[in-house]
Amino acid sequence: MSLRVYNTLSKKKEEFVVRDEGKVSMYVCGVTPYNYPHLGNARPFVVFDVVRRYLEYLGYETYHVQNFTDVDDKIIKRSQEEGKTAKEIADSYIKAYFEDMDRLGVKRAHFYPRVTDHIPEIIEMVKTLVEKGYAYELEGDVYYSVGKFPDYGKLSGRDLDELKAGARVEVDVRKRNPLDFALWKRAKEGEPAWDSPWGPGRPGWHIECSAMSLKYLKPGFDIHGGGSDLIFPHHENEIAQSEAYADGKQFVRYWLHNGFITIDQEKMSKSLGNFFTVREILAKYPPDAVRFFLISTHYRSPLDFSEERLEEAKRSLERFYTALDQLDKLPEVSDHAGQDHPLRLECRRVEERFKEAMNDDFNTALALGHLFEFVREINRNLQDLRQKNMEEEEGTIGALRAAKETLLRLGNVLGIFELRNKEMNKGDELEAKLIDLLIELRQEFRKKKDWATADRIRDGLKELGIVLEDSPEGTIWRRK
RNA sequence: GGCGACAUAGCCAAGCGGUAAGGCACGGGACUGCAAAUCCCUGAUUCCCCGGUUCAAAUCCGGGUGUCGCCUCCA
C-alpha cells in the first residue's frame with residue numbers, strides 16, 4: 001500500500017507520486033517574525049515536521065524549504081513603535097521562532113530563505129509578469145490582474161464573479177478588478193525600500209513565496225503546505241503568479257493544509273486575542289505533551305486547545321514512558337534470542353499498521369492508537385517475564401529488546417520520545433542523590449514495618465512531584 | 001450574502017458500505033503492608049435528528065438542526 005495524501009487542489013486523497021524519483025521537495029509557508037509564535041502558528045510546523053519525518057522513514061530524501069517574511073506591514077509598524085530597524089525586529093523574532101520550535105522537536109528545514117535576501121529575484125519575477133501582460137503598474141504599485149489568469153480560484157474553489165459580489169475588501173478604484181493584488185508596493189515615507197523599475201518600494205505579500213520556492217525548488221515541486229487560512233488568498237495568488245510566470249507550467253503537485261487550533265471552538269488568532277504563545281505553554285507543560293497533543297488529532301481537523309487536554313496528553317505519554325523504562329532495564333542478550341517469539345510477530349504487525357495509518361494521509365491519531373496497543377502487548381510480556389524460567393526468559397528478553405527498538409523507531413517518526421529525555425535530564429545530581437537517600441531510609445522503615453513513616457516519605461515526595469513505586473526488584477522514582 | 005468543513009461513550013479521538021480502534025477519567029478483580037505501575041474484566045444495542053438507497057449504512061443520497069472556518073492581516 002502506498003502513500004495517499006489529501007490535495008486541497010483536487011479536494012481528494014491522491015496517490016503520492018513525486019517529481020524526482022526518491023526525492024521530495026517541500027515548501028512550508030513560514031512566519032512573519034514580528035511576534036512570538038502562538039500554538040496555532042506552531043501547528044503547521046509540527047504537522048509538516050511529521051510529514052517530513054515520515055517521508056524520510058519511507059526512504060525519501062527530502063528537501064525542506066521554509067521562508068521568513070522579514071519585511072511587511074506588521075514588522076514595519078513594530079519597528080516604528082520600538083524605534084528599531086525592521087531587520088532588528090525580524091532577527092529577534094526569528095531567533096525566538098527557532099528557540100520555540102527546537103523545543104517542540106521540529107527538525108530544522110534545510111534552508112530558510114528571507115524575503116530581504118531575494119529582492120532581485122522578486123523584481124525580476126514582477127517584471128516578467130508585467131511584460132507578459134499579467135500585471136500592471138499604478139503610480140509605483142504593481143498589481144496582478146486576476147482576470148488574466150483563467151484558472152484563478154482553482155485552489156480555493158472560488159468563482160471570480162462570486163468573489164466580486166461577496167468581496168468585503170475596501171475597493172481601490174484604481175484597480176482593474178477589486179481582487180487584483182499587489183506584487184510590488186510603493187514605499188511610503190520612512191519605510192524600508194529597494195529600487196525597482198517602478199521606483200522605490202518593497203514586495204507585495206504573496207510574491208515572495210512564489211519567487212523563493214521557484215528559485216530553490218523549481219516549478220512542479222512536490223509539497224506546498226501551510227495553515228488552511230492561507231488557501232485564500234495567499235496560495236491562490238501564488239498559483240496565479242507562478243503559473244503565469246512559468247507559462248502555465250504546474251507550480252505545485254500537492255497542496256497540504258492543516259486545520260486550526262481553536263479555543264472554546266473559536267479559532268486561535270492574534271486578532272481575536274485568544275491565543276497562547278508557545279513559550280507560555282512550554283512554561284507550564286513539557287514539550288513532548290504539547291507535541292503529543294498536536295498530533296493526537298488528524299492534521300486537517302480543528303483541534304480545541306485546553307489545559308485539560310494537555311494534562312491528558314501528559315498522562316497518555318506516561319504509558320509509553322513506564323514501558324520504555326522497564327525495557328531499558330533489560331539485560332543484554334543475543335540479538336537472535338527469541339527469534340520465533342510471538343512478540344516478534346507483533347513488532348512486524350505494529351509496523352505494518354503504523355505504515356498503513358500514516359499512508360492514509362498521515363493519520364497520526366490512528367498510528368498512535370496502534371502504538372498504544374503495542375505497548376500493552378509489551379507490558380504483558382514484561383509481566384510474564386517474572387514467571388519464566390531461565391531459558392524462556394532469554395527468548396522473551398530478546399523479543400522485548402526488539403520491541404523496544406520498534407517502539408522507539410516508530411515513535412520518533414512522530415517525534416515524541418526524543419523530547420522526553422531532554423526534559424528528564426534536567427534534574428540535577430544533588431536532587432537525585434537526596435531522593436535516593438530518602439528511598440534508602442524509607443526502606444529501613446519498611447523493613448521495620450513502620451508503615452506510617454514509610455508512607456510519610458512517599459507522600460511527602462509525591463507532594464513535590466516525585467512518585468515512588470515499589471516492586472520486588474526495589475523502589476524506583478520518577479517525576480510526575 | 002457566497003463557498004466549505006464538522007457533529008461517534010463522561011471527555012478526547014480513529015473508522016468513511018460489512019456489523020463501533022485507541023487514550024484519559026470511572027468501576028470491579030489480580031498484584032502490593034498500603035499504594036503506584038502493570039495486566040484482566042466492565043462501558044456507545046449504537047455513531048445529532050428525519051426520510052431514502054442497499055441483503056447490509058456511523059459510513060452513500062435527500063431534508064433538517066447545531067457548531068466552526070474562509071471570503072480582510074492571519075498558521
Side-chain angles (χ1 to χ4, degrees), chain A residues 11 28-32 37-48 72-74 153 156-159 161-170 179 205 225-234 236 257-262 264-272 275 292-293 296-298 300-304 306 308-309 311-323 325-326 353 357 360 363-384 386 446 449-452 454-455 458-459 462 467-472 475-478 480:
Chain A
K11 296 179 177 53
V28 178
C29 278
V31 294
T32 300
H38 66 238
L39 226 219
N41 295 318
R43 166 124 94 147
F45 305 119
V46 170
V47 163
F48 289 104
D72 104 322
D73 292 347
K74 285 178 217 152
S156 52
R158 273 158 232 261
D159 180 280
D161 299 326
E162 276 169 10
L163 275 171
K164 247 183 272 179
R168 308 192 324 230
V169 203
E170 205 178 307
L179 290 163
W205 171 34
S228 37
D229 48 0
L230 295 180
I231 296 171
F232 190 88
H234 187 55
E236 192 69 71
H257 295 95
N258 62 275
F260 302 121
I261 302 276
T262 58
D264 296 329
Q265 323 293 341
E266 262 197 341
K267 181 181 172 185
M268 180 185 287
S269 76
K270 282 176 185 159
S271 41
L272 284 170
F275 63 89
F292 182 93
F293 165 71
S296 60
T297 297
H298 186 92
R300 282 190 283 114
S301 304
L303 215 200
D304 204 48
S306 72
E308 293 72 44
R309 294 296 315 282
E311 284 294 344
E312 211 178 90
K314 206 170 128 186
R315 283 195 293 265
S316 301
L317 279 169
E318 290 294 329
R319 233 178 134 60
F320 287 120
Y321 295 154
T322 49
D325 284 344
Q326 293 296 109
R353 288 173 178 171
D360 186 14
N363 193 337
T364 51
L366 219 208
L368 278 172
H370 295 321
L371 255 28
F372 276 113
E373 282 186 297
F374 186 52
V375 165
R376 182 162 53 233
E377 203 52 54
I378 287 173
N379 283 330
R380 270 200 275 259
N381 279 277
L382 244 14
Q383 205 164 53
D384 280 356
R386 300 215 178 94
R446 289 185 73 210
K449 296 204 190 310
D450 181 356
W451 308 124
D455 288 353
R458 188 173 62 195
D459 293 344
K462 193 178 178 184
V467 179
L468 298 192
E469 293 177 10
D470 300 322
S471 78
T475 300
I476 57 157
W477 65 273
R478 61 184 171 85
K480 185 76 183 168

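Residue numbers start from 1 in every chain, and the chains themselves are labelled A, B, ... in the order their sequence lines are given, proteins ahead of strands. Keep in mind the model is a prediction, meaning the values are calculated, not measured.
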Going by centres under 5.5 angstrom and planes under 30 degrees, do the aromatic ring of A:Trp451 and the base ring of B:G33 stack?
yes

When the C1' atoms of B:C6 and B:G15 are compared, how many Å lie between them, rounded to an integer?
15 Å

Over all strands shown, is A:Asp459 touching base, sugar-phosphate only, or nothing at heavy-atom distances under 4.0 angstrom?
nothing

Are more than 12 heavy atoms from other residues, nucleotides or ligands located less than 6.0 Å from atom NZ of A:Lys11?
yes

In this structure, how many angstroms lie between the C1' atom of B:U32 and the CZ atom of A:Arg458, rounded?
9 Å

What is the base-pairing partner of B:U54, counting Watson-Crick and G-U wobble geometry with both distances under 3.5 Å?
none

When the P atoms of B:C26 and B:G69 are compared, how many Å lie between them, rounded to an integer?
33 Å

Pick base, sugar-phosphate or nothing for A:Arg319, based on heavy-atom distances below 4.0 Å to the nucleic acid.
sugar-phosphate

Under 4.0 Å, heavy atoms only, any strand: does A:Asn379 hit a base, just the sugar-phosphate, or nothing?
sugar-phosphate

Contact class for A:Ile261 (heavy atom, under 4.0 Å): base, sugar-phosphate, or nothing?
base

Base of B:C34 paired with side chain of A:Asp470 (donor-acceptor, under 3.5 Å)
yes

So A:Lys267, base contact, sugar-phosphate only, or nothing? Heavy-atom distance under 4.0 Å.
base

What is the distance from CZ of A:Phe320 to P of B:G23, rounded to the nearest Å?
9 Å

If B:G69 has a Watson-Crick or G-U wobble mate with both distances under 3.5 Å, name it; if not, just say none.
B:C3

Touch class at under 4.0 angstrom, heavy-atom based, for A:His234 against every strand present:
nothing

Do any side-chain nitrogens or oxygens of A:Arg376 fall under 4.0 Å of OP1 or OP2 in B:G23?
yes

Classify the nucleic acid contact of A:Leu468 as base, sugar-phosphate or nothing, counting any heavy atom under 4.0 Å across all strands shown.
base

Can you tell me, in whole Å, how much space there is between the P of B:U65 and that of B:G17?
28 Å

A:Glu236 vs A:Ile231 side-chain heavy atoms within contact, under 4.5 Å
no

Please state the P separation for the pair B:C12 and B:U32 - nearest whole angstrom.
38 Å

Heavy atoms under 4.0 Å, any strand shown: does A:Phe372 hit a base, just sugar-phosphate, or nothing?
sugar-phosphate

The answer to which of A:His370 and A:Thr262 contacts RNA chain B further toward the 5' end, by nearest nucleotide, is A:His370

Reckon A:Glu469 touches a base, only the sugar-phosphate, or nothing at all at heavy-atom distances under 4.0 Å?
base

Base, sugar-phosphate or nothing for A:Gly226? Non-hydrogen atoms, less than 4.0 Å.
sugar-phosphate

NA contact type, A:Asp384, heavy-atom cut-off 4.0 Å: base, sugar-phosphate, or nothing?
nothing

Does the structure place the NZ or CZ of A:Arg478 under 6.0 Å from the centre of the six-membered ring of A:Tyr321, at an angle of no more than 45° from the ring's axis?
no

Looking at NE2 of A:His370 and CG of A:Leu366, how far apart are the two atoms once the value is rounded to the nearest 0.5 Å?
4.5 Å

Whole-Å gap separating C1' (B:C12) and CZ (A:Arg315)
11 Å

Using a cut-off of less than 4.0 Å, is there contact between a side-chain N or O of A:Asn363 and OP1 or OP2 of B:G15?
yes

Give A:Glu373 one of three labels, base, sugar-phosphate or nothing, depending on what nucleic acid heavy atoms sit under 4.0 Å from its own.
sugar-phosphate

